[in-house]
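The next block holds one structure in the form of structure tokens; read it before the comments.
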Amino acid sequence: MSDLDPITIEVIGSAFSSIVEEMGEALVRSSYSTNIKERRDCSTALFDHRGNTLCQAEHIPMHLGSFIGIISHITERYDTSEIRPGDVFMGNDAYVGGATHLPDIVLAEPIHVEDRLVAWSINTAHHADFADRGHAHIYQEGIRIPPVRLYREGKLQDDVQDIFLLNCQVPGERLSDLRAQLSANKLGVLRMQDLCRKYGVETVLQAGDALLDYAERKMRAGISQIPDGTYEFSDVFESNQTAERLDLSVAITVDGDNMRLVFEAPPQIKAGLNMVYTALLASCFYAVKSAIDPTILPNAGLSRPLSVEAPKGSILNCEHPAAVDGRIAASQRVADLILGALAKAMPGRIAAAGNGCCTGATFSGTRSNGDLWVYLETIAGGGGARPGADGLSGIQVHMTNTSNLPVEGLEREFPLSLLRYELVDGSGGAGTYRGGMGVRRVYRVEAECRLSIDTSRLTSRPWGLEGGDYGSSTVLDLGDGVDRFDGMIDLRPGQIVEIATAGGGGYGPASDRDDAARQRDMVESRIH
């Protein structure tokens, strides 16, 4: 228990939040690629000197899985006495680098005050580069980087950077984004040093510990409101990367103020759908926090009452050398499982299933001057209807939180045209409150290129709650009689590609919708 007064702790906690949010804005505004400057596929965080999350910006929940592993990997490889101001560590490997898939490049910079290591400034950004790859194992998915020094006491290690850039398809874009990441971390270092000078190192460190304890208390308080017992839920996971429908399930046991999550899953597969354990942890921490109490601080304290288990070597807890590039698809189903189970424990507090996907489309080709180009976007879908409100339409749900690329950004930078960009009418599940609608994007290819798509909910549908109906499935129309898409296809100029994402599930019986709508109209009339 901290001796600090609550006001000081709150002020320092708010400072942590403002630092990571400012870091995120600096990263987005100084980046070059459309994937970061427009789609905001990046996250920022502060960690204490022991490797505990002090604060993560409200960006992308999955990126917590990249953060929570890298500091331990760094300290295992390097003695802390050898870590100096100006060092910058770079890593991306899912097994020995602290990340959850290879495109997420993590940079971690130590924060020293008076020659004392007090914290870490960390960010990750998805470098949309490793396209046109196989996914039988991780060695096909890109360059693997354990935590290595990119900068040593402020001096760039050119050989490390050269190795990385040589393995990238669009090295100029990668270098610009890497510099944006460096500037964001440097901002975090400066802001944290200023905070320590203002309040004193010991006060800031004590406040960090107190905030971790506070998050733990709030999580335990929320769990203790759930009746003791075991709550189970199962769902199917299918993808265009595998012909099989995979059965997944979770059993959540509540015992006082502790929660145990035990997953059952099939063995890891030769496709990029597998998740390492840190990715599973990030999925669980997000889903439980959002259900129990969204106001719980996003730090390491919230995880203390939780234990997470999944079979080793399974799709949800894979082992080397399983491919992991599309791990976000499985993580979305993990969130669905947890929320489905907690809906039984917490009736009236959980939303129906969202689209349950992270539909990623990657186009790649060669420009007229011979340079390679890679365009990635993840397309939003429908959110699940909630107790008392319709689901949101055209949004990313749960483990991802990126934006759709604006038409102008797409057509200005890539040889593609967007013919239609609209909500899919009727795709949300019916109910007292309707599920949100999915998104339709229709592309016309203006130059030869290759396309890969990673998606789910192609044969299954997002479930409703309390009598609400299912949302629609994802639909792909790739033209030219392509009935099944399980890899990559070559596209010709003029060819049309249509992607329509899944809608969210409905909430409550549809027969009650008219009454509910009239009640909402009455409330809105009073407001206006």
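No hydrogens, no waters, no symmetry mates; every other heavy atom, side chains included, goes into these values.
- Under the salt bridge (charged side-chain N to carboxylate O under 4.0 Å, His left out) criterion, Arg434 pairs with no residue, sequence neighbours left out.
- Between the side chains of Tyr139 and His320, at least one donor-acceptor pair of N or O atoms lies under 3.5 Å.
- Every residue two or more places apart in sequence or in another chain was checked for a side chain to side chain donor-acceptor pair (under 3.5 Å) with Asp425, and none qualifies.
- Looking at Ser121 and Phe47, their side chains never come closer than 4.5 Å, going by heavy atoms from C-beta outward.
- Classified by interplanar angle (parallel below 30°, tilted 30° to 60°, perpendicular above 60°), the ring pair Phe363/Tyr443 is tilted.
- With sequence neighbours excluded, no residue forms a salt bridge (charged side-chain N to carboxylate O under 4.0 Å, His left out) with Arg245.
- Gln396 places no side-chain N or O within donor-acceptor distance of the main-chain N or O of Cys358, the cut-off being under 3.5 Å.
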- Task: Please lay out, stage by stage, how Asp325 and Leu102 fare under the test side-chain contact (heavy atoms from CB on, under 4.5 Å).
- Result: CA-CA 7 Å; Asp325 186 69; Leu102 301 185; 5.8 Å; no
- Task: Please step through side-chain contact (heavy atoms from CB on, under 4.5 Å) for the pair Leu339 and His398, ending with a clear verdict.
- Result: CA-CA 11 Å; Leu339 295 174; His398 301 319; 3.3 Å; yes
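- At distances below 3.5 Å, at least one donor-acceptor pair connects side-chain atoms of Lys289 with backbone N or O atoms of Pro294.
- Ser417 and Glu446 share a side-chain donor-acceptor pair at under 3.5 Å.
- Around the CZ atom of Arg367, the shell of radius 6.0 Å holds more than 12 heavy atoms that belong to other residues, nucleotides or ligands.
- One N or O on the side chain of Asn92 and one on the backbone of Ile145 form a donor-acceptor pair closer than 3.5 Å.
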- Query: Are Arg412 and Glu408 close enough, and set up right, to give a salt bridge (Lys or Arg N to Asp or Glu O under 4.0 Å), and what steps lead you there?
  - Reply: CA-CA 6 Å; Arg412 182 178 64 246; Glu408 297 83 358; over 6 Å; no
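- Here ring-ring contact (aromatic ring centres under 6.0 Å, His included) pairs that include residues 445-479, with residues two or more places apart or in two chains, are Phe233-Trp463.
- Taking Thr359 as the reference, Thr455 meet the side chain to side chain donor-acceptor pair (under 3.5 Å) condition, with sequence neighbours excluded.
- Put simply, the side chain of Pro103 reaches to within 4.5 Å of the side chain of His101, judged on heavy atoms.
- Between the side chains of Gln140 and His135, not a single donor N or O lies within less than 3.5 Å of an accepting N or O.
- Listed by first then second residue, pairs satisfying ring-ring contact (aromatic ring centres under 6.0 Å, His included) with a partner in residues 156-175 number zero, not counting sequence neighbours.
- Remark: the backbone N or O of Phe67 is not paired with any side-chain donor or acceptor of Gln56 at under 3.5 angstrom.
- Under the salt bridge (charged side-chain N to carboxylate O under 4.0 Å, His left out) criterion, Glu22 pairs with Arg191, sequence neighbours left out.
- Without hydrogens or angle criteria, Asp104 side chain to Thr124 main chain gives no donor-acceptor distance under 3.5 Å.
- Looking only at distances, no side-chain donor or acceptor of Ser283 sits under 3.5 Å from a matching main-chain atom of Ala335.
- Between the side chains of Gln241 and Asp454, at least one donor N or O lies within less than 3.5 Å of an accepting N or O.
- Side-chain polar atoms of Thr378 and Arg39 form a donor-acceptor pair below 3.5 angstrom.
- No donor-acceptor pair closer than 3.5 Å links the side chain of Ser452 to the backbone N or O of Met488.
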- Met90/Ile105 under side-chain contact (heavy atoms from CB on, under 4.5 Å): CA gap, chis, key distance, verdict: CA-CA 7 Å; Met90 174 187 191; Ile105 306 297; 3.8 Å; yes
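- Sparse packing is recorded around NZ of Lys312, with 12 or fewer heavy atoms of other residues, nucleotides or ligands lying under 6.0 Å away.
- For residues 162-176, the side-chain hydrogen bond (donor to acceptor under 3.5 Å, both in side chains) pairs, not counting sequence neighbours, are His127-Arg174, Asp129-Arg174, Arg174-Asp177.
- Residues His126 and His63 keep their aromatic ring centres 6.0 Å or farther apart.
- A distance-only check finds no donor-acceptor pair linking the side chain of Ser393 to the backbone of Gly382 [under 3.5 Å].
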When the side chains of residues 265-280 are checked against the rest of the protein, which donor-acceptor pairs come out under 3.5 Å, sequence neighbours left out?
from   : atom 1 : to     : atom 2 : distance (Å)
Gln268 : OE1    : Glu319 : N      : 2.8
Gln268 : NE2    : Glu319 : O      : 3.1
Asn274 : OD1    : Ile269 : N      : 3.0
Asn274 : ND2    : Ile269 : O      : 2.9
Asn274 : ND2    : Ala271 : O      : 2.9
Asn274 : ND2    : Ala323 : O      : 2.9
Tyr277 : OH     : Val308 : O      : 2.8
Thr278 : OG1    : Gly65  : O      : 3.4

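- Not a single donor-acceptor pair under 3.5 Å links the side chain of Thr501 to the backbone N or O of Gly438.
- Legend: residues meeting salt bridge (charged side-chain N to carboxylate O under 4.0 Å, His left out) with Asp132, ordered by chain and number and at least two apart, are Arg450.
- Annotation: side chain of Arg457 is in contact with side chain of Asp336 (closest heavy-atom distance under 4.5 Å).
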- Task: Take Leu416 and Val445, measure what side-chain contact (heavy atoms from CB on, under 4.5 Å) needs, and give me the verdict at the end.
- Result: CA-CA 5 Å; Leu416 300 165; Val445 176; 4.2 Å; yes
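- Atom OH of Tyr421 sits in a crowded spot, with more than 12 heavy atoms from other residues, nucleotides or ligands closer than 6.0 Å.
- Considering only residues two or more places apart in sequence or on other chains, Ser473 meets the side chain to side chain donor-acceptor pair (under 3.5 Å) condition with none of them.
- Between Glu422 and Arg440, at least one side-chain nitrogen of the basic residue sits less than 4.0 Å from a carboxylate oxygen of the acidic one, meeting the salt-bridge criterion.
- Thr100 meets the side chain to side chain donor-acceptor pair (under 3.5 Å) test with Arg327; sequence neighbours excluded.
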